[in-house]
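I have placed the structure first, in the form of structure tokens, so that the comments after it can refer back to it.
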2 protein chains.
Amino acid sequence: MVLILENIAKHVSLTAEEQALFLSKLETNTYKAKTILLNAGEVCKHSYFVNSGILRSFNINDNIVEHVLSFACEGWWMSDMYSYFSQKPGQLFIEVLEEAEVVSLSKENQEQLYREIPKLERFFRILIENSLVANQQRLMDNLSLPAEERFEKFCAKYGTLVHKVPQKQIASFIGVTPEFFSKMKARLLKK
Amino acid sequence: MVLILENIAKHVSLTAEEQALFLSKLETNTYKAKTILLNAGEVCKHSYFVNSGILRSFNINDNIVEHVLSFACEGWWMSDMYSYFSQKPGQLFIEVLEEAEVVSLSKENQEQLYREIPKLERFFRILIENSLVANQQRLMDNLSLPAEERFEKFCAKYGTLVHKVPQKQIASFIGVTPEFFSKMKARLLKK
DNA sequence: ATCTTTTCTTAATCTACATTAAGTGCTTTT
DNA sequence: AAAAGCACTTAATGTAGATTAAGAAAAGAT
């Protein structure tokens with residue numbers, strides 16, 4: 001449980017009581033690989049913080065094609081933000097890729113925490129600000145860079161994941177087919 | 001100045017004094033079309049709220065290709081979020097597309113407001129949450145939809161802009177060349 | 001260990017979109 | 001009002017990446 005507190009301490013400082021109150025609202029679980037934490041069509045009731053292991057979020061287009069939106073490993077948050085914020089059914093699946101210890105924060109508890117510890121409002125604001133900036137950068141990269149450079153950026157940012165998640169999911173994340181990704185990888189290895 | 005208060009009232013309610021304090025931190029200016037509010041390489045010191053007119057943000061790749069990241073019209077906020085949040089030099093330009101009345105909030109004043117009116121922390125958190133959700137959706141659309149459908153979504157969301165901004169900028173926003181956009185448009189008109 | 005399923009690779013063919021280039025009609029400038 | 005500069009169009013050609021298909025390799029299941 002220390003990881004999540006360290007995480008918070010980077011942006012706001014909580015007293016010992018506040019820390020205890022915060023922790024009391026959390027639930028920790030361990031899930032095996034392939035566990036589905038959220039199905040498309042459901043309301044996302046929790047935000048997940050990853051203590052260990054790997055999660056991913058994706059949607060399925062016309063019941064056929066999977067598109068990976070994001071990965072989360074140690075120290076990252078994960079949710080279907082649209083569904084979580086609005087409490088309406090979303091389009092994302094959240095799946096455990098590698099056995100994971102996950103801290104869950106329910107939407108109700110989060111709202112309560114905002115009231116009881118206003119500093120947390122700041123913490124989550126900053127978290128979301130950083131998310132938004134990263135997301136905008138990724139969007140610009142997708143508009144302006146060829147697949148090869150998008151892959152390089154992926155490696156720089158998610159280096160630890162490259163050999164842990166199926167390569168077809170990395171392909172999906174950067175926006176190419178597995179076949180093209182394979183060819184591209186072979187090309188890169190020759191250099 | 002009413003528009004920005006209405007905007008806030010949608011998410012949090014301020015007392016008359018709080019409203020006055022908030023307004024005292026703002027500055028309103030009118031800018032002619034083609035005014036550059038922010039250059040790439042500069043630190044983004046203000047967040048802009050559009051009372052009227054149109055702004056856009058874009059970057060320039062290798063000194064050649066422009067990529068439009070976003071448009072802002074009446075009631076929207078605009079900034080280089082990376083640069084504004086981090087107060088480091090950014091890569092975005094912000095330009096006035098159509099003569100605009102713009103409310104400026106400086107980073108320092110925003111931080112002061114967070115301290116003096118904690119409710120505003122909530123307001124801006126919600127604003128950024130919504131931004132993030134929209135951005136994620138746009139990213140997914142770019143990964144999974146062909147240009148034609150991306151254009152349809154653009155029209156649904158920014159209907160008022162379609163005939164007001166140069167079509168090459170819409171092309172850039174959805175991620176195609178002006179030439180291809182022109183051809184695509186001709187194809188759509190035949191239906 | 002064997003069978004099954006999934007992942008990865010390779011290769012041929014195809015297509016959405018980019019590039020280059022030339023021409024037309026706008027605005028804006030002088 | 002001419003000149004200059006943009007924005008838009010059209011068309012020929014080029015290419016990054018998709019699709020289809022089939023086999024090899026790895027991972028899971030029994």
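In the text below, chain A, chain B and the rest are named by the order of the sequence lines, each starting its count at 1.
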Rounded distance (Å) that lies between atom C1' of dC8(C) and atom CD of E179(A): 9 Å
Residue-phosphate contact under 4.0 Å: T177(B) side-chain N/O, dA18(C) OP1/OP2: yes
Sugar-phosphate only, base, or nothing, as touched by K185(B) at under 4.0 Å among non-hydrogen atoms: sugar-phosphate
Nearest-angstrom distance from the residue atom CZ of F180(A) to C1' of dC8(C): 16 Å
Presence of salt bridge, E66(A) and K168(A), under 4.0 angstrom: no
5' to 3' contact window, DNA chain D with chain B (heavy-atom distance under 4.0 Å): dA7(D) to dT10(D)
Verdict with supporting geometry, L55(A) and F71(A), side-chain contact (heavy atoms from CB on, under 4.5 Å): CA-CA 6 Å; L55(A) 310 183; F71(A) 297 104; over 6 Å; no
Sole candidate of K34(A), K32(A), R56(A) that passes salt bridge (Lys or Arg N to Asp or Glu O under 4.0 Å) when paired with E95(A): R56(A)
Sub-6.0 Å ring centroid separation between F151(A) and F181(A): yes
Spacing of M184(A) atom CE relative to dC8(C) atom P, expressed in whole Å: 13 Å
Five-pair end axes of the helix from dA1(C)-dT30(D) to dT30(C)-dA1(D), angle between them (10°): 50°
Under-4.0 Å salt bridge between E149(B) and K153(B): no
Ring centres under 6.0 angstrom apart (W76(B), Y48(B)): no
Heavy-atom side-chain contact between E18(B) and T15(B) under 4.5 Å: yes
Within residues 150-176 of chain A: residues closer than 4.0 Å to DNA chain D (heavy atoms): G175(A), V176(A)
Nearest-Å distance for atom pair CD/P, residues E95(A) and dT6(C): 13 Å
Interatomic distance, E148(B) CD vs dT15(C) C1' [rounded to whole Å]: 14 Å
Between W77(B) and F124(B), ring centroids under 6.0 Å: yes
Verdict with reasoning, K25(A) to Q112(A), per side-chain hydrogen bond (donor to acceptor under 3.5 Å, both in side chains): CA-CA 9 Å; K25(A) 308 279 188 184; Q112(A) 261 188 45; 2.4 Å; yes
Any donor-acceptor pair under 3.5 Å from S83(B) side chain to K88(B) backbone: yes
Within-4.5 Å side-chain heavy-atom neighbours: Q167(A) and V162(A): no
